[in-house]
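Every chain is numbered from 1, with letters handed out A, B, ... down the list of sequences.
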Amino acid sequence: MAATFASRCSRVGRSLLGGLSNSSPGLFSTSHELTCGNFFSQQQRTFIQMRTVLKVVDNSGAKKVMCIQALKGKKGARLGDTIIASVKEAHPNGKVKKGKVVYGVVVRAAMQRGRCDGSEVKFDDNAVVLVDKQGQPIGTRVFGPVPHELRQKKHVKILTLAGHIA
Amino acid sequence: MRLEKCWFCSSTVYPGHGIQFVRNDAKIFRFCRSKCHKNFKMKRNPRKVKWTKAYRRVHGKDMTQDSTFEFERKRNRPERYDRNLAENVLKAIPKIDKIRVTREERHHKNRMKGKKEKLQREAVKELEQSISLVKAPSVLQQDPSLTLPKIKVKVSQKQSEENHAMEE
């Protein structure tokens, strides 16, 4: 338990990181101090930017993917945005091989996203579904819950493949 | 629009409030405010946290089973809109609330029954044991009552005149 709280103590300032910086989060400890007595300081979840490793939740063959560019968004990608990524880990026989540059749609993000009714949603991890340039998913199945923000972004195909819509 | 219940404290979450956390097994946790959310992240069990409704229900502080709770059960099948039905429901809601509140008060009264007698007994016992703290034993022998003598204080008339001046 102590280890997880120690990791939560490293806070990353949202305003300082652009989409292009590569420095480690440790350098960006902000001037905001921890409130005294608040040992359990919460983790600040931020955008999906260059070097972010995401989980792949379809059966396209890739397992882990690293973001190299967030299309749209100066600070990074959020829930429902598309990214360009490089495959870092893949299943041995799959449609997508290691080292390939692919497009992906973020279907789960640990950073909360505001809904139109004013509430906020957040997921447990960062996950992506690989798509082609036209936006059609490469795989044929999607695992885990997906948000219905995808409907507004016109990723209807992913919604139909999804098992659970959050 | 749907009024949800906070997973931690069981209060209603109105639209525009709170955070919804979706776990990877597709279970959705709704929180009314960051207090509940932070307690959840600390992995606290709401049944052990004193100020939550879950604790109160488990420990018998609030009533658990009542027919008025049946009205608030979650229904997943949408009802066809019927104006009369909607009107009747809107009229019934405050009535049901009133009934629920009276029943809860009755439950609370039942729970607190016997408290007055218990306090009285404890007070009597304390007086018998520790009257020596306020009354010297020699005085107690002369006057063996457990009450202190009443002291009368005379209030002068001048004070009431001062108050009149302040009011004006």
- Please answer: with hydrophobic residues joined when any side-chain heavy atoms are less than 4.5 Å apart, are A:Leu161 and A:Val128 in the same cluster? no

- Message: Is it the case that over 12 heavy atoms from other parts of the model lie below 6.0 angstrom from the CD atom of B:Glu126?
- Response: no

- Item | Greatest number of heavy atom pairs closer than 4.5 Å to chain B - which of A:Cys116, A:Gly163, A:Gly114, A:Gly118 | A:Gly118

- Query: What closest approach, in Å, do A:Pro145 and B:Asn24 show between heavy atoms, and which atom pair accounts for it?
  - Reply: CD-O, 3.4 Å

- Query: Is B:Val49 reachable from B:Tyr55 through a run of I, L, V, M, F, W or Y residues, each pair having side-chain heavy atoms under 4.5 Å apart?
  - Reply: no

- Query: So with a 6.0 Å cut-off around CZ of B:Arg83, is the heavy-atom count from everything else above 12?
  - Reply: no

- In this structure, are over 12 heavy atoms from other groups packed under 6.0 Å from B:Glu70 atom CD? yes

- Task: Any chance you could measure B:His17, atom NE2, to A:Asp117, atom CG, to the nearest 0.5 Å?
- Result: 10.5 Å

- Task: Using the rule that two of Ile, Leu, Val, Met, Phe, Trp, Tyr join whenever any of their side-chain heavy atoms come within less than 4.5 Å, decide whether A:Ile84 and A:Ile158 are in one cluster.
- Result: yes

- Item | Intermediate values then yes/no, side chain to side chain contact (heavy atoms under 4.5 Å, CB included), A:Lys122 and B:Ile19 | CA-CA 8 Å; A:Lys122 57 159 49 169; B:Ile19 289 191; 4.1 Å; yes

- Would you say A:Val96 and A:Val56 are hydrophobically clustered, going by side-chain heavy atoms of ILVMFWY under 4.5 Å? yes

- Item | Atom NZ of A:Lys97: over 12 foreign heavy atoms under 6.0 Å | yes

- Query: Which of residues 100-109 of chain A have a heavy atom under 4.5 Å from any heavy atom of chain B?
  - Reply: A:Arg108

